[in-house]
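Structure, as structure tokens:
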Amino acid sequence: MRAQGMDHLERYFNGEPLTLRETIAARCAACLLDFPDGPKDCATPLCPLYPFQPYRKGKKGQASGGGDGL
């Protein structure tokens with residue numbers, strides 16, 4: 001089964017426009033190599049896109065706090 005983000009990534013490479021949400025999903029899928037273990041939280045809070053990661057535990061679009069050392 002292929003992650004939806006990979007479809008978005010393919011569309012991007014074909015020159016098609018993406019929404020912000022599709023762009024984030026594409027980046028996450030590329031970073032996680034198409035979610036080989038299935039869609040799940042990447043557990044990488046230092047990533048600037050982590051608060052928007054499609055399968056992040058907790059509320060979407062909000063930082064879960066901690067982990068960045070700031």
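The figures that follow rest on heavy atoms only: side chains count, while hydrogens, waters and symmetry mates do not. Note that this is a predicted model, so its numbers are computed, not measured.
- Heavy atoms only, all atoms of each residue included: Cys42 and Tyr50 are closest at SG-CD1, 3.6 Å.
- Pro48 and Pro51 make their closest contact through O-CD, 3.6 Å (heavy atoms, listed as atom of the first residue, atom of the second, distance).
- For Leu9, the side-chain contact (heavy atoms from CB on, under 4.5 Å) criterion is met by Met6, Phe13, Ala26, Ala30, not counting sequence neighbours.
- Here Cys31 pairs with Arg27 under the side-chain contact (heavy atoms from CB on, under 4.5 Å) rule; sequence neighbours left out.
- For Leu18, the side-chain contact (heavy atoms from CB on, under 4.5 Å) partners two or more places apart in sequence, or in a different chain, are His8, Arg11, Tyr12, Glu22, Thr23.
- The distance from atom CG of Asp41 to atom CD of Gln53, rounded to the nearest 0.5 Å, is 5.5 Å.
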